[in-house]
Amino acid sequence: MTATRSDARHVARATDFTEWRQRARQLLQAGIQPADITWQDGDALHDDLFATPAADSAALPPADRGARLTLSRDQLALLEQSARYRDDACHDRWSLLYRIVWRLARGDTAASHPADSDGSELHRRAHAVRREAHHMHAFLRFHREAPKGNVASGDEASGDETSRDIVLRDSEFLAWFEPAHDVLDLGAEHFADRLGSSRFLIATPRGGVAWNGHEFDYRMPCPVAWAEAARTAMTGDDDHALWRAYFVSTFNPARLNSRVMTQHMPQRFWRQLSEGDLIPTLEAGARHGGQRLAQVASVGQRDGKPISLRNNYVSHTLSAKGNK
Amino acid sequence: MELIDKLSILADAAKYDASCASSGAPTRSSRGKAGLGASSGMGICHSFTPDGRCVSLLKVLLTNFCLFDCQYCINRRSSSIPRARFTPEEVVRLTLSFYRRNTISGLFLSSGIIRSSDYTMEQLIQVARQLRETHQFRGYIHLKAIPEADPALIEEAGRYADRLSANIELPTLTSLKTLAPEKELGTIHSAMGQMRQRIDAANDDAQRDAKHLPRSANPKRLAPRYAPGGQSTQMIVGADATDDRTILQSAQHLYQRFRLKRVYYSAFSPIPESPSGLPPAAPPLLREHRLYQADFLIRGYGFQAEELLNRPGNLDLEVDPKLAWALDHREHFPVDLNRAEPAMIARVPGIGLRSVQRLIDLRRQRRIRYQDLIALRCRMASLRPFVTTQDYRPAEIQWESSRLRRQLTAPQPAQMALL
Ligand code: SF4
């Protein structure tokens, strides 16, 4: 991370997309070539190692050397999405973006097209990010917080942080989720629309967010007490037993097709799903004979009866009360 | 009976209906409001069962008691299965509980016919009404429309539901007569016709409101929406001898006449105590898959059912319907990607609609090269014999279709790439 190109005359640093946009605008106006900039990621862990000062307007040549660039709303959204991409091998989220806007500013409109070499990487990252946001909307699970007493240990762990305790105690629904890219806020916005005035808390390995029904409280990194509470809640919510029963019954063993399932629901999410551990069992059961019929075995083992059309029988049997 | 037992029975009884989509609803949000639930038009699959099917909605029957005796159905009155019945409150409780835990985006409620069609329809409406009015639920609701029910009830159902569906199940009069003696194609069609009229009228009203928004921006004065996610239906595949051509023509007819949003195809799964005359075999999954592919080409790519199957029979199981059409119509190929109409590019095997749009955008800027197709992640193996670009002509132009077909199918046997 600290290796600086010998010919790089500018070091630019950005923590987030807004900051990058400002830097990029200045650099573009000053006509600084992509090859002459070393981009640094603001929230990398080695901040203190950066000896070179970040680029600022004072250090740049006069603005008239470079170009102005107007981006369409779609292009901007694409850049913003791809900046959320995280990958151990991907330290260059800013330099890719700068190279693209540099080319666009020079009239090279293909730079952001998916058939271009830079453009295809841009689209690939944006696509992976959108997909991960969708994964979060789909596979995050909320658990109702266990009765107050049980969370007390979590409160003690962070006894000096009263505001966190309040957030914790107020949150009705808690979730632990491990997103592959920076999509926490995209998920939080989505769940605020869904859950309305219910309070919730989402903890991830990086950040955390709490929603009190009116506003978000983002924390980076995620407070330890939040993470603990979210993980504890995963075991204490009885309604997930109902969900598991539903999952078993809605599966049709006669149609077993594991490949398609894992393609849509990558295994890395299974741990967070209350139905996750059922999947291998159901698969094995279907392979070993259960595949003959579509009906779930546990239902087939119950007593059943055909219905007679005699009126009195029908009205008796079919009223909800009579069915208890 | 415990709630969890009822759930096990009534989810098992409902799973033969393939539809589980939560798409097509208008944008709704509960932010800053009492109540619960949102919809965005885009469906969400919250889980996938090991059969590869999307779990988007709580899909249950209100009851699996049924007075009808449809032979293909596990819930027919002559079947000796365990029976159960939810109270409307129980379905409401399950829907809200699962929704809050983010395991579903809404409810798909159907039912066996109890007492009468009207009574059954009223019960379904009661659940939807409780969700919408008592709990201000803004998630997705799909209700089964019971064709034999009073039109006024179907009218009411559409005011609560995002989607309504009446299942056609069997596409021909004869097969309905033999396998579902109590059902009538005419009744199903007239229910679909009624729903189409109401949906169209509500869409017109909505457009009018959109034009005059300043005056009618008060939601109370906006026209009430009616099943904004449209209507769908399902056909069972493989329960009788009906061929794919008949099924696809029937689907095409339903799309045109009733403007259905979707036709679902459900491969017949063997059920316990299968009545004689029904196949005990494994469900024909690949056939079902080919029907979905063909359906997709009819809805999105401008194909006619008759083009995909120009004689009675079934779709080719070995190659997908688009490739089969291209192999049968070599005179239209190769397609010059730098000149061809977008509609013709969309007919090239291995090029999807999104790539068509991207190719059109790209050729406004410069000539299309072979490398671009790789960068756009098109399915190269399928498209190679069918296109020309600035720097590429296929070597296979002179080949007989049968030889080309052997080459295209040889390396990997026909694979089950399900949707
Ligand atoms: S009406 Fe026919 S298809 Fe519907 S539940 Fe009853 S038997 Fe099954």
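A note on names: the letters A, B, ... follow the listed sequences, proteins ahead of strands, and every chain is numbered from 1.
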Just give me the residue among Ser47(B), Gly37(B), Ala38(B) that pairs up with chain A most often, heavy atom to heavy atom, under 4.5 Å. Ser47(B)
When Glu2(B), Lys59(B), Lys33(B) are compared by non-hydrogen pairs under 4.5 Å with chain A, the top option: Lys59(B)
Leu242(A) side chain reached by Phe98(B) side chain, heavy atoms, under 4.5 Å: yes
With a 4.5 Å limit on heavy-atom distance, are the side chains of Asn102(B) and His137(A) in contact? no
Less than 4.5 Å to any heavy atom of chain A: does that hold for the side chain of Leu94(B), its backbone, both, or neither? side chain
Interchain contact, Phe269(A) with chain B, by part (heavy-atom threshold 4.5 Å): neither
Under a 4.5 Å heavy-atom cutoff, which of Asp303(A), Thr262(A), Leu282(A) has the most pairs with chain B? Asp303(A)
Tell me, side chain or backbone of Asp69(B) under 4.5 Å from chain A's heavy atoms, or both, or neither? neither
Give, as side chain, backbone, both or neither, the part of Ala14(B) having an atom under 4.5 angstrom from any heavy atom of chain A. neither
Candidates Ser39(B), Ser29(B), Ser30(B), Ser40(B) - the one meeting side-chain hydrogen bond (donor to acceptor under 3.5 Å, both in side chains) with Asp193(A): Ser29(B)
Closest non-hydrogen atom pair, Ala245(A) against Ile4(B): CB-CG1, 3.6 Å
Between Ile374(B) and chain A, with a heavy-atom cut-off of 4.5 Å, which part of the residue counts as in contact: side chain, backbone, both or neither? neither
Does a side-chain heavy-atom distance below 4.5 Å link Leu256(A) with Asp51(B)? no
Let me know if Asn252(A) has heavy atoms under 4.5 Å from chain B in its side chain, its backbone, both or neither. both
Would you find a donor on one side and an acceptor on the other, under 3.5 Å apart, between the side chain of Arg194(A) and the backbone of Ser105(B)? no
Is it the backbone or the side chain of His214(A) that comes under 4.5 Å from a heavy atom of chain B, or both, or neither? neither
Quick one: CZ on Phe48(B) to CD on Gln263(A), what's the gap to the nearest 0.5 Å? 9.5 Å
Hey, does Arg302(A) have a side-chain heavy atom less than 4.5 Å from the side chain of Ile9(B)? yes
Are the side chains of Ser269(B) and Arg255(A) in contact, using a 4.5 Å heavy-atom criterion? yes
With a 4.5 angstrom heavy-atom cut-off, could you sort out which part of His135(A) is near chain B: side chain, backbone, both or neither? neither
Quick check: closest heavy atoms across Val299(A) and Pro82(B), and the distance to 0.1 Å? O-CG, 3.3 Å
Which bit of Val248(A) comes within less than 4.5 Å of chain B, counting heavy atoms only: side chain, backbone, both or neither? neither
Can you tell me which portion of Leu362(B) sits under 4.5 Å from chain A's heavy atoms? Options are side chain, backbone, both or neither. both
Closest contact, heavy atoms only, Phe139(A) versus His46(B): CD2-O, 3.3 Å
Where do Tyr16(B) and Gln295(A) come nearest, in terms of heavy atoms and distance? OH-N, 3.6 Å
With the threshold set at 4.0 Å, does a side-chain nitrogen-carboxylate oxygen contact exist between Asp239(A) and Arg93(B)? yes
Distance (rounded to the nearest 0.5 Å) between Arg144(A) CZ and Arg101(B) CZ: 5.5 Å
Of all of Ala192(A), Ser120(A), Gly300(A), Ala175(A), which one pairs up most often with chain B through heavy atoms under 4.5 Å apart? Ala192(A)
Minimal non-hydrogen separation, Pro50(B) against Met261(A), with atom names: CA-SD, 3.8 Å
Does any heavy atom of chain A fall under 4.5 Å from the side chain of Thr103(B), the backbone, both, or neither of them? both
Is chain B contacted by the side chain of Glu275(A), its backbone, both, or neither, given a heavy-atom distance below 4.5 Å? side chain
Most heavy-atom pairs under 4.5 angstrom with chain A, which of Thr49(B), Asp12(B), Leu10(B)? Asp12(B)
Hey, does Ser249(A) have a side-chain heavy atom less than 4.5 Å from the side chain of Leu7(B)? no
Arg100(B) vs Asp237(A), salt bridge (Lys or Arg N to Asp or Glu O under 4.0 Å): CA-CA, chis, key distance, verdict: CA-CA 12 Å; Arg100(B) 289 198 172 100; Asp237(A) 182 350; over 6 Å; no
Pick from Arg138(B), Arg358(B), Met42(B) with the largest number of heavy-atom pairs that fall under 4.5 Å of chain A: Arg358(B)
In terms of heavy-atom proximity below 4.5 Å to chain A, should Arg377(B) be classed as side chain, backbone, both, or neither? side chain
From Ile307(A) atom CD1 to Arg76(B) atom CZ, the distance as rounded to the nearest 0.5 Å: 11.0 Å
Check ring pair (Phe, Tyr, Trp, His ring centres under 6.0 Å) between Tyr265(B) and all other residues, then give those that pass, not counting sequence neighbours. Tyr292(B)
Quick one: pull up OH in Tyr246(A) and OG in Ser8(B) and give me the separation to the nearest 0.5 Å. 11.5 Å
Which answer fits Glu215(A), side chain, backbone, both or neither, if we ask what part of it has an atom under 4.5 Å from a heavy atom of chain B? neither
How close do Ala294(A) and Lys15(B) get, heavy atom to heavy atom, and via which atoms? O-NZ, 2.8 Å
Any side-chain heavy-atom pair from His190(A) and Ile44(B) closer than 4.5 angstrom? yes
